[in-house]
There are 2 protein chains.
Amino acid sequence: MKTADPELMRAINRFHVLDTIRRFGAISRVEIGERTVLSATTVSAITASLLDDGLISTRHEGDLRSGGARGRPRVMLTLNPEAARVVGAKIASNRLVFCVTNFQGDVLASLTLPVRVDRLPVEVIADLVEDGVRRCVMDAGLALNEIKTVALSLPGIIEHGTGRVRSSAVFRDANVSLKEAIVKRLDIDTIVESDANAITMAEHWFGRGRDCDDFVLVAIEESLGLGVLHGGQLFRGARELSLTLGDMIMGSDPEHAIKLSELASERAILDGDHGDSRVRDAIRLGQGMGRVRGLIEEGDNELRIAAARAGSALGIAIANLVALFAPPRVILVGSTLALGDYLLDSLRLAFAKAIPDPLKNVAQIVIDEVSDELWARGAAAVALGELYGSPWGTTGPARRSNTTEFSDTEAGR
Amino acid sequence: MKTADPELMRAINRFHVLDTIRRFGAISRVEIGERTVLSATTVSAITASLLDDGLISTRHEGDLRSGGARGRPRVMLTLNPEAARVVGAKIASNRLVFCVTNFQGDVLASLTLPVRVDRLPVEVIADLVEDGVRRCVMDAGLALNEIKTVALSLPGIIEHGTGRVRSSAVFRDANVSLKEAIVKRLDIDTIVESDANAITMAEHWFGRGRDCDDFVLVAIEESLGLGVLHGGQLFRGARELSLTLGDMIMGSDPEHAIKLSELASERAILDGDHGDSRVRDAIRLGQGMGRVRGLIEEGDNELRIAAARAGSALGIAIANLVALFAPPRVILVGSTLALGDYLLDSLRLAFAKAIPDPLKNVAQIVIDEVSDELWARGAAAVALGELYGSPWGTTGPARRSNTTEFSDTEAGR
DNA sequence: GCAATTACAACGCGACGCGAATTAAGTGCG
DNA sequence: CGCACTTAATTCGCGTCGCGTTGTAATTGC
């Protein structure tokens, strides 16, 4: 267990304040105090330190209290967007997506490389990633040494701590240290994270989970990912392993054990006899499910059934998750959602049937169709989240700024 | 999020020290410092405060360092067993089990009431619980006002915070406030917890999870319970709902959705055509599975198949849990384990088949057949765990003991 | 009996968060 | 135009925390 010392205490409160500023944008100190339940004194001290470190800046406008604004006006605080830049990336089997963001997660540049990395050797993938990162950083008008952290996200079972990829649909080899390969090439702090966790952070920071510190996210793409946000933080297993959903067994008979991924992954939906080359091409381009939807609408009954079957399986799996985690919200994302109601109707039905009665109204299900860029942005958010928590400045006590003290004393009197 | 203040800091470290003393029995201050990674100074201050509050006591013996014990001998510290007493209880459908423990969880008295509470109104059950608590406390030679907390555990979905029972196999009604009913009768602090969480704590404190801060426990009885220990603490869902396993759906088709409880609960195993009255009677007495094992050994093929089917389903469910939580250990408990290998062979086989390759060696499966009393003791441990964390003494700073100071100064010189 | 060794307590330091008092920076009314 | 009023933010002093250093206590070995 982590030992509790003043340093930890400050780290917690600093993060809390910084995160509050991020979430509510321009916000005054008083309001931070109200939201964090820290005293005004403490908030002042912490914000002074943050200002000193250049992580936030002041703005003397935007006080939007109701009309009669009596008293000393509030000084609004915002993140200093220039405080740091990070790169987030999504590695999928048929494309690499990069984005550079500033300190508050605004996208400065983004880049999609539609290359099929599927089953390539790690070293080759790492080369591609290096290339993408360098180009995207250049596009943002930055130099590589201005990037604080690179965060890579990909499907599969990832050891967050070590940056090892235990297994992934996009990797041929198992148990490779992706982090090491990237650090060797870029010499920048690198984080490797499951793509589901990345998009979970994205939803929490920018999307449908902004107002909610506890939710479960299910990512339905080629792989089936799972992200759990618990108390505002990503829930990682005991060994910092990321969670996956595709390996969930749907069936009671080990002889006929069917994994969820065999029912609900994109590959599974297409694995009728659809050798249709147009569809396969569309999938290469990452628009497979849109095409599939089109085919269903044109009357392809086989695909319709496959979609419904996938939806049913997912509905059940989600009900199982709700029974396990009892989250107030379940967010669904991923390219497979392009199937629309062909997937969702059966999903909702199966969920409703499967969810036990006392948990009926525990979880609200939210569908969110998101862009690839948001996934990459989520990876960036993972990186930023770690920056927010790490100590800046001079291992920094919340010291009163000495510089100001001098000028004040001399000029003022 | 909890705001970090000095009080929280002290609570954490105090708990940490107290818990270390509990786990390692007679232990010196230096050793506590090593184990908690707190400085010797801090440990001294905290232990002084704990001594002051009477929660621990010193013992000038038992220094078991290797032969050549040079230097000032270590003073060993132990919990003061008299510091508090709690009652733990297990409420099952056909029996109530109580135990009174002292501050370190030793059982002072225990009591089993073989009554069928199944489907009784809450008020009646509460009456029975009241009765049992009073009798058990008396058996321990104590008065009711010497009991600090009562912790009740029962199967089902429990809201730990409010003490409400959302649904339980032993309750006829849904969504009742058991805590309230008990407090009204006994006027003692009451905790309501799922029985799976209770036995999880029992395994952590006294059983097969002593050395391990992260594990998953599956309780296989009439109901199927799930306990998750994460970082040394019970993992509770966002709403402090306890987790259950029986509602996990084993199947992909919503039309034929089968809950795990329909395959692996004791009722399910017996629900062949076994109206055999001897078996039913045995079940009433809580020895059903032992009898079933006997019948299987006598050649009852139907039951053998049912047991194997249950094992398979459980093996798959456990594999799913491992895929979700990646725990280093999975502990299996519960009366159904009396079936022995008739259950476990198929369980192991199904688990091995279902677990995805990269997670092959993540989790070690441990079978632990435990007594009813341990469940009740686990409930007591839940109560004690909360006591360890709560502030004692005078909202107590780690003050240097004033009393001792006086006598020392006056007597010593 | 004295040195060496080890455990523990006492003291002082720096940092934290908080409440009360103080200063800053506006609005509104006469 | 100026003065009271109001609210925001800072400063100050207090109590607490954990930690490093120093001092003291209680042994063993020679």
Side-chain angles (χ1 to χ4, degrees), chain A residues 2-14 16-17 27-34 36-49 51 58 60-61 63 65-77 391 394-401 404-405 408-409 412-413, chain B residues 2-14 16-17 27-34 36-49 51-52 58 60-61 63 65-77 391 394-401 404-405 408-409 412:
Chain A
K2 182 94 181 70
T3 154
D5 51 16
E7 194 179 327
L8 174 70
M9 192 162 78
R10 203 189 62 245
I12 292 174
N13 287 333
R14 254 177 91 108
H16 207 171
V17 168
I27 187 174
S28 66
R29 293 177 175 80
V30 252
E31 215 175 332
I32 295 173
E34 287 163 13
T36 58
V37 205
L38 292 166
S39 75
T41 309
T42 305
V43 173
S44 261
I46 291 176
T47 52
S49 154
L51 280 166
T58 60
H60 291 267
E61 58 198 37
D63 187 343
R65 281 172 299 171
S66 50
R70 329 237 307 145
R72 174 177 176 175
R74 303 175 169 184
V75 176
M76 307 313 256
L77 302 171
T394 64
T395 188
R399 65 202 175 287
R400 290 102 188 165
S401 55
T404 340
E405 191 185 329
D408 267 15
T409 334
R413 295 170 192 177
Chain B
K2 182 93 183 70
T3 153
D5 52 14
E7 193 179 328
L8 174 70
M9 192 165 78
R10 203 188 70 248
I12 291 175
N13 287 332
R14 254 178 89 109
H16 207 170
V17 168
I27 187 174
S28 66
R29 292 176 174 82
V30 250
E31 215 175 333
I32 295 173
E34 288 164 12
T36 58
V37 204
L38 291 167
S39 76
T41 309
T42 306
V43 173
S44 263
I46 293 176
T47 51
S49 154
L51 280 165
D52 214 47
T58 61
H60 291 268
E61 59 199 35
D63 186 345
R65 281 173 300 172
S66 52
R70 329 239 304 145
R72 176 176 173 176
R74 303 176 170 183
V75 176
M76 305 314 253
L77 301 172
T394 65
T395 187
R399 65 204 175 285
R400 289 102 186 164
S401 53
T404 340
E405 191 185 329
D408 266 17
T409 334

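Just the heavy atoms: all of them, side chains too, but no hydrogens, waters or symmetry mates, feed the values below. Chain identifiers are assigned alphabetically (A, B, ...) following the order of the sequence lines, protein sequences preceding nucleic acid strands; residue numbering begins at 1 within each chain.
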* **For A:Ser28, all residues meeting side chain to side chain donor-acceptor pair (under 3.5 Å), sequence neighbours excluded** => none
* OP1 or OP2 of D:dG18 under 4.0 Å from side-chain N/O of B:Thr42 -> no
* Asked: Reckon B:Arg29 has a side-chain N or O less than 4.0 Å from the OP1 or OP2 of C:dA7?
  -> no
* To do: For A:Ala40 and for A:Pro6, find the nucleotide of DNA chain D with the closest heavy atom, then tell me which residue's nucleotide is more 5'.
  => A:Ala40
* Heavy atoms, side chains only, cut-off 4.5 Å: are A:Arg29 and A:Ser44 in contact? -> yes
Polar-atom pairs under 3.5 Å, protein N or O versus N or O of nucleotides 1-6 of chain D: list them with distances, or write none.
{"from": "D:dT6", "atom 1": "O2", "to": "A:Gly71", "atom 2": "N", "distance (Å)": "3.4"}

* To do: Could you tell me whether the phosphate oxygens of D:dC17, OP1 or OP2, come under 4.0 Å of any side-chain nitrogen or oxygen in B:Arg14?
  => no
* To do: May I ask you to evaluate whether A:Asn13 reaches the phosphate of C:dC16, defined as a side-chain N or O under 4.0 Å from OP1 or OP2?
  => no
* Asked: Is A:Ser39 near enough to C:dC18 that one of its side-chain N or O atoms lies under 4.0 angstrom from OP1 or OP2?
  -> yes
* **side chain to side chain donor-acceptor pair (under 3.5 Å) involving B:Ser39 - partner list, sequence neighbours excluded** => B:Thr42
* Asked: Just how far, in rounded Å, is P of C:dA24 from NE2 of A:His60?
  -> 15 Å
* **Phosphate OP1/OP2 of C:dA9: any B:Ser44 side-chain N/O under 4.0 Å** => yes
* Structure fact -> B:Leu8 CG to C:dG17 C1', in whole Å, measures 12 Å
* Asked: How long is the line joining CG of A:Asp5 and C1' of C:dG17, in whole Å?
  -> 15 Å
* To do: Using whole Å, report how far CG of A:Leu38 lies from C1' of C:dG19.
  => 15 Å
* **Presence of B:Thr41 side-chain N/O under 4.0 Å of D:dG20 phosphate oxygens OP1/OP2** => no
